[in-house]
Colleague: 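Have a look at this one before I ask anything.
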Amino acid sequence: MSQRTVLVVLFEGVQSLDVTGPLEVFAGAERHTPGTYRIRTASLDGAAVRTSSGLTVVPDSSLTGAPAPHTLLVPGGEGTREPDPELTAWLRAHGPRARRLVSVCTGAILLAGAGLLDGRRVTTHWSYCAKLARDHPAVTVDPDPVYVRDGHVFTSAGVTAGIDLALALTEEDLGRDTALTVARHLVVFLRRPGNQAQFSAQLAAQTARRDPLREVQRWITEHPADDLSVEALAARARLSPRHFARAFREETGTTPGRYVDRVRLEHARRLLEDTADGVEEISRASGYGTPEAMRRAFVKALGTPPAEYRRRFRPASVH
């Protein structure tokens with residue numbers, strides 16, 4: 001098995017977790033299977049950089065003195081807002097030579113600026129997807145997935161998604177056992193599917209300002225199988241149904257019905273991925289009542305029925 005050089009690009013204002021998250025994954029894989037990864041970090045001139053959180057990181061070398069990488073990883077951070085022209089030029093010249101080109105979070109902005117994402121489907125942090133699409137019309141930006149693969153180019157969403165992507169790359173390179181060992185060591189899930197939404201139903205909606213509405217949001221999440229009609233939720237908030245529905249939408253940005261739909265779908269997906277429970281049991285536990293109702297919800301939202309979703313995304317270790 002040949003050793004793969006992983007080169008991580010550093011710059012002023014880089015997001016520290018974009019760097020350290022993937023590095024911990026690859027380093028863990030190297031400890032588990034020595035001789036598989038050679039990990040290096042480099043800045044333009046080899047000088048230390050200060051991350052967006054104030055952490056100082058000392059690279060192994062300058063970019064010009066760095067070894068030719070198998071995997072070139074470009075993290076994101078505040079430093080991507082006004083990219084250094086020299087860094088962009090280096091990426092434009094050396095990016096095409098990498099066997100695998102990877103970005104974490106807004107690192108995709110740097111790759112796009114170097115012309116390395118033209119004609120490709122990519123993702124980035126959800127709050128920068130519109131900007132990336134607007135500034136680079138030749139790039140197809142998908143705001144939903146945790147990470148996207150297009151040929152040898154891999155792009156991931158915000159911050160912790162870099163860990164998900166690094167684990168996926170490790171599994172591809174070294175197999176499931178190594179990736180699972182690393183995931184267990186880091187106390188993270190081995191596989192959060194690449195096409196899983198970047199954020200949960202709770203994060204997708206705003207948190208309500210008023211305590212009664214926040215309590216309702218919490219109740220929905222913890223009791224997806226209960227009666228979650230507008231009337232029942234309004235009673236819990238001690239508001240009239242009309243007042244409740246209007247206030248909920250104003251404060252969360254979505255209707256109570258849509259919020260409930262998202263929570264139930266997310267709950268069902270998690271049970272399909274993480275348990276061996278039957279579809280009928282999961283449909284009841286998630287508030288759908290019947291397998292057919294759950295099937296309709298999955299096909300409408302995800303384009304696939306529950307059984308197929310489970311086949312694709314449940315780890316082999318779940319029986």
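We use all heavy atoms of the structure for the numbers below, so side chains are in, but hydrogens, waters and symmetry mates are not.
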Colleague: So, Tyr288 versus Arg264: side-chain donor-acceptor pair below 3.5 Å or not?
Modeller: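 Not at all, the side chains of Tyr288 and Arg264 share no donor-acceptor pair under 3.5 Å.
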Colleague: Is it true that the side chains of His267 and Ser286 contain a donor and an acceptor less than 3.5 Å apart?
Modeller: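 His267 vs Ser286: donor-acceptor pair found between side chains.
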Colleague: Tell me whether Glu280 contacts the main-chain N or O of Pro291 through its side chain, where contact means a donor paired with an acceptor under 3.5 Å.
Modeller: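 Not at all, since once roles are kept as given, no pair shorter than 3.5 Å links the two residues.
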Colleague: Using a 4.5 Å cut-off on heavy atoms from C-beta on, say whether the side chain of Leu55 contacts that of Arg50.
Modeller: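 Heavy-atom side-chain distance check fails, nothing below 4.5 Å.
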Colleague: Measure from the side-chain N and O atoms of Arg120 to the backbone N and O of Asp150, and report whether any donor-acceptor pair falls under 3.5 Å.
Modeller: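 Here the side-chain-to-backbone pair exists.
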Colleague: I'd like to know if the side chain of Thr290 and the backbone of Ala293 have a donor-acceptor N/O pair within less than 3.5 Å.
Modeller: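 Answer holds: yes.
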Colleague: Looking just at side-chain N and O atoms, do Thr106 and His125 make a donor-acceptor pair shorter than 3.5 Å?
Modeller: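 No, no side-chain donor-acceptor pair sits under 3.5 Å.
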Colleague: What residues form a ring pair (Phe, Tyr, Trp, His ring centres under 6.0 Å) with Phe11, not counting sequence neighbours?
Modeller: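 So Phe11 forms no ring pair (Phe, Tyr, Trp, His ring centres under 6.0 Å) with any residue.
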Colleague: Do Arg210 and Leu213 touch side chain to side chain, with heavy atoms closer than 4.5 Å?
Modeller: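 Yes. Closest side-chain heavy atoms under 4.5 Å.
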Colleague: Any heavy-atom pair between the side chains of Leu91 and Leu110 that's under 4.5 Å?
Modeller: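 With C-beta onward as the side chain, the pair touches.
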Colleague: Evaluate the side chain to side chain contact (heavy atoms under 4.5 Å, CB included) criterion for residues Arg100 and Phe154: first the C-alpha distance (whole Å), next the side-chain angles of each, then the deciding distance (0.1 Å), finally the verdict.
Modeller: CA-CA 8 Å; Arg100 193 159 62 191; Phe154 299 76; 3.4 Å; yes
Colleague: Hey, can you pull the donor-acceptor pairs under 3.5 Å for the side chains in residues 235-247, sequence neighbours left out?
Modeller:
residue : atom : partner : partner atom : Å
Ser240  : OG   : His243  : N            : 3.1

Colleague: Below 4.5 Å, heavy atoms only, C-beta onward: do Phe26 and Leu73 meet side chain to side chain?
Modeller: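 Yes, at least one pair of side-chain atoms sits under 4.5 Å.
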Colleague: Backbone N or O of Gly107 within a donor-acceptor pair of the Thr80 side chain at under 3.5 Å?
Modeller: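 Side chain of Thr80 to backbone of Gly107: no pair is present.
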Colleague: Does any N or O in the side chain of Asp142 come within less than 3.5 Å of the main-chain N or O of Thr123, such that one atom is a donor and the other an acceptor?
Modeller: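 Side chain of Asp142 to backbone of Thr123, a donor-acceptor pair under 3.5 Å: no, none is there.
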